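Please read the structure below before turning to the comments.
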Amino acid sequence: MNSTNKKFILLLIFICGFKAEIYAQRFYSVVFDQLPEDMQLYAREDDDMAVVPVSGVIEVAGWDHISVVTFRNKERYAYNKSVLAYEGKPSASFDIKPSIKAEMADYSFEIYACKQADSILIVKRAEVVAGDFYVISGQSNALALQFGDYSNKYCRTVARIPDSNPGLTPGDTLWIPAAWSWTYVGAWGLQLQRSVLETYGIPTCVINGSLPGTKITQFLDRDASNPAKPTSLYGGLLHRVNKAKPARIRNFFWYQGEQEAIEGIAGYDAEFDKLFKYWQIDYPQVDEFDIIQINAFWSPTAGEIRDFQRRTKYLYPKTDHFATLGLPLYTDGIHYLIDGYQILGKRLFHFLSPKNYGLADTVDVSCPDIKKAYYSSAKKDEIVLLFDEGQHLKWPADTIIKGEDGTPVTMSNRNFFFLDGNNASPAKVKSGTAAGNRVTLSMTEPVTAKTINYLPIVKPANISVFRGPYITNSTGLSAFSFNNVTIGDPLLLSLSSIQAGMTVQVEWPSATGATNYVLERKTDSSAVFTKIKEFDDKTVSYVDKDVAVNKTYTYRIQAFSAVSESQQYESSITVVPILAVEPQNKSDYMNVYPNPSTDKLNIQFKKATSGVLQIVNKQGQSVFSDNIVLKKEYFINTALLPSGAYIITLKNDKGIAVSQKIVK
């Protein structure tokens with residue numbers, strides 16, 4: 001028997017003898033540092049493919065290569081190999097990267113050691129898939145411990161099957177179906193998996209590391225020397241994630257804060273900041289962290305906690321947010337029935353689909369978030385709430401509920417706003433309306449408040465559980481609650497447009513507090529305004545040279561600041577023909593003063609002049625006209641003219657026209 005055959009038989013004997021080590025990384029003289037497990041899920045990339053790495057070292061010389069045969073639904077799918085280069089050593093390394101597609105199909109792998117025509121099977125792995133990873137952390141609503149009857153082998157987790165086996169501990173990590181695992185993936189986590197699978201046919205793995213009744217400080221128990229220590233709340237989740245080895249985690253959901261709100265614990269933002277810094281170290285493969293704003297209930301710190309959760313999107317990298325307000329089947333003022341959790345799972349699925357699965361329909365898939373609150377007029381009897389662009393908001397109708405004493409209670413959204421932190425007394429809102437991404441609150445009287453809150457934190461009389469009604473968008477998602485949002489002062493503005501030769505001079509006064517202006521224009525043949533330009537706060541005029549005679553132009557201006565916006569102001573003008581050529585140097589032809597004028601306008605000509613003198617308002621209408629003959633000076637009574645801007649034009653007897661802007 002030659003040396004090669006002896007090694008082959010010896011390898012076969014030892015592999016067969018070590019079948020009990022089937023889940024270990026060593027198979028006698030073959031040591032794997034990367035090897036799939038049965039039912040493992042690998043993270044797909046945007047091309048829907050995932051690499052399944054197989055690598056390690058063979059410690060027996062004389063073999064040509066290690067090969068991997070890939071099967072799809074038990075049919076041969078692909079073949080890959082890695083040539084062994086011993087280079088005089090008794091061992092050689094191998095590295096093979098077969099790829100599989102994210103789909104509802106079972107992939108299996110057979111790994112062989114090969115020598116010319118000889119080969120020996122080292123190990124098999126079955127039911128391997130490609131798909132997406134999701135991670136959930138938080139307290140009871142994150143765990144959502146409500147069991148349904150849905151199960152599918154393409155919805156997976158890394159946990160254990162619940163039983164009474166004392167040999168298994170919470171730190172065990174088995175690849176199993178998600179529906180009956182411990183730790184449970186949660187009712188809305190499982191619904192998210194189901195929606196992804198049934199809509200896009202992509203397998204998923206959800207790993208849930210939540211624990212009911214926990215404070216955020218309990219998640220900060222991170223051992224710096226061993227962050228994935230399975231006996232801690234933080235380390236237990238990281239331990240399972242590390243076992244799964246996801247190259248990419250699509251979303252990491254954080255749903256927590258009820259405990260701090262219930263106990264009135266302050267400083268939630270500082271504790272979250274510590275936790276997020278840990279996440280950035282231990283979860284670099286996360287595409288997006290999603291912070292879920294908790295629902296409304298009575299607590300002195302609830303408003304601050306919810307508002308911080310709303311603002312995390314703007315405070316931390318790779319972060320988005322989602323609100324649970326208005327989620328149905330809200331039972332005890334904290335938790336939900338299973339159908340409520342499943343609705344949350346469906347809402348999150350639609351929220352993530354444009355980003356994760358290329359869904360083209362992005363209309364109202366996110367919860368409306370306030371951007372600004374400001375007074376719309378100097379009277380301050382109306383407050384505009386501006387939400388994110390593209391939202392289609394709805395003001396809810398009043399609802400009638402049964403009070404704690406059994407009598408009917410009318411719930412109206414207009415009573416859910418509070419000014420200057422006075423959470424015990426609702427603002428006096430007469431009515432509310434919604435249009436596009438704006439909500440307008442009409443007050444019963446002028447107010448001088450500097451800040452506004454949305455949703456009560458003090459228990460109203462005769463109400464047990466708060467269930468709205470809420471401001472929503474067209475898909476039924478409720479707006480985020482907010483706390484201590486600044487109410488901006490009104491930006492007051494006006495607009496005028498006058499013809500100057502064959503141009504239109506557009507002017508507006510400087511609005512106190514404005515940081516920029518946006519000017520738009522439309523013609524009489526169009527119903528849609530188009531943006532001309534955005535100007536800084538120092539610019540208060542614009543010359544439009546792109547005009548034509550006998551056309552009417554309507555200009556629209558709006559002022560903006562960080563906390564406020566003005567109304568949109570319009571001015572229209574019809575461009576009239578000018579039938580002669582203006583001289584280049586107008587001052588050599590006529591001098592008009594005083595400008596601005598009050599009751600008299602003096603016009604001086606360099607030499608005696610004859611012609612038609614005309615004054616036109618900003619609408620292009622003639623308000624004064626006179627024939628002059630050999631005049632060197634001329635006076636016009638402007639006392640009866642309305643205040644505003646005008647164009648004075650002289651067309652002389654030689655056909656030369658000259659124009660100048662004047663202001664009354």
Side-chain angles (χ1 to χ4, degrees), residues 41 43 132-144 157-159 170-171 173 183 185-186 188-189 192 204-261 265 267-294 305-324 348 351-352 355-356 366:
L41 184 144
D132 290 333
F133 281 87
Y134 294 97
V135 174
I136 301 172
S137 184
Q139 56 183 106
S140 55
N141 280 324
L143 186 58
T157 189
V158 175
T173 49
T183 303
V185 302
W188 60 266
L192 174 61
T204 54
C205 172
V206 168
I207 302 177
N208 194 323
S210 306
L211 186 65
T214 46
K215 302 172 187 176
I216 191 171
T217 52
Q218 294 173 259
F219 291 88
L220 295 173
D221 182 16
R222 177 182 181 272
D223 186 337
S225 63
N226 182 19
K229 186 177 181 179
T231 55
S232 72
L233 186 57
Y234 183 94
L237 175 61
L238 183 59
H239 171 70
R240 292 163 60 202
V241 171
N242 288 349
K243 179 67 176 179
K245 300 177 183 177
R248 183 181 193 181
I249 297 173
R250 293 282 174 166
N251 297 83
F252 185 118
F253 298 101
W254 173 250
Y255 190 175
Q256 194 274 339
E258 294 96 339
Q259 201 63 35
E260 282 75 10
I265 301 173
Y268 188 86
D269 52 348
E271 303 297 348
F272 179 88
D273 190 73
K274 297 175 189 175
L275 182 60
F276 193 87
K277 288 175 180 175
Y278 291 160
W279 290 344
Q280 288 181 298
I281 297 170
D282 296 324
Y283 295 95
Q285 71 275 58
V286 170
D287 283 359
E288 179 178 285
F289 295 95
D290 292 285
I291 312 305
I292 299 180
Q293 187 187 60
I294 60 176
I305 292 172
R306 290 199 307 266
D307 192 69
F308 173 74
Q309 291 168 337
R310 176 186 71 84
R311 292 184 290 111
T312 52
K313 175 178 179 177
Y314 315 108
L315 300 174
Y316 297 95
K318 300 195 304 183
T319 300
D320 211 333
H321 55 190
F322 199 83
T324 59
L348 288 169
F351 170 63
L352 302 174
K355 294 178 279 190
N356 292 356
S366 60

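All values reported here derive from a predicted model rather than from experimental measurement.
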With a 3.5 Å distance limit and no angle check, can you tell me whether [X] reaches the backbone of [Y] through a side-chain donor-acceptor pair?
| X | Y | result |
| --- | --- | --- |
| T312 | I291 | no |
| R240 | G235 | no |
| T319 | P317 | yes |
| H239 | K229 | no |
| Q139 | E258 | yes |
| E260 | I216 | yes |

Looking at K313, I want to see if its NZ is surrounded by more than 12 non-hydrogen atoms of other residues, nucleotides or ligands under 6.0 Å. yes
K318, NZ: over 12 other non-hydrogen atoms inside 6.0 angstrom: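 Yes, because the 6.0 Å sphere around NZ of K318 holds more than 12 heavy atoms from other groups.
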With a 4.5 Å heavy-atom cut-off, do [X] and [Y] have their side chains touching?
| X | Y | value |
| --- | --- | --- |
| E288 | L352 | yes |
| I136 | Y255 | no |
| N208 | L143 | yes |
| I294 | I305 | yes |
| I249 | V241 | yes |

Any idea which heavy atoms bring F252 and V286 closest together, and the distance?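 Closest pair (atom of F252, atom of V286, distance): CB-CG1, 3.9 Å.
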Tell me every residue that passes side-chain hydrogen bond (donor to acceptor under 3.5 Å, both in side chains) with D320, counting only those two or more places apart in sequence or in another chain. K355
Going by the rule side-chain hydrogen bond (donor to acceptor under 3.5 Å, both in side chains), which residues pair with Y234 if we only count those two or more places apart in sequence or in a different chain? D282
Given the ring of Y134, does R250 sit roughly above its face, with NZ or CZ under 6.0 Å from the centre of the six-membered ring and within 45° of the axis? no
Taking the six-membered ring for Trp, are the ring centroids of [X] and [Y] within less than 6.0 Å of each other?
| X | Y | answer |
| --- | --- | --- |
| F276 | W254 | no |
| F289 | Y283 | no |
| Y316 | W279 | no |

Taking only residues two or more places apart in sequence or in another chain, which ones pass side chain to side chain contact (heavy atoms under 4.5 Å, CB included) with D269? F308
Take D290 and F322 through the side chain to side chain contact (heavy atoms under 4.5 Å, CB included) test and state the conclusion after the steps. CA-CA 7 Å; D290 292 285; F322 199 83; 6.0 Å; no
Any chance the side chains of Y268 and Q256 put a donor and an acceptor closer than 3.5 Å?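 Indeed, the side chains of Y268 and Q256 share at least one donor-acceptor pair under 3.5 Å.
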Is a salt bridge present between D287 and R248, judged by a nitrogen-to-oxygen distance below 4.0 Å?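 The answer is yes: the pair qualifies as a salt bridge.
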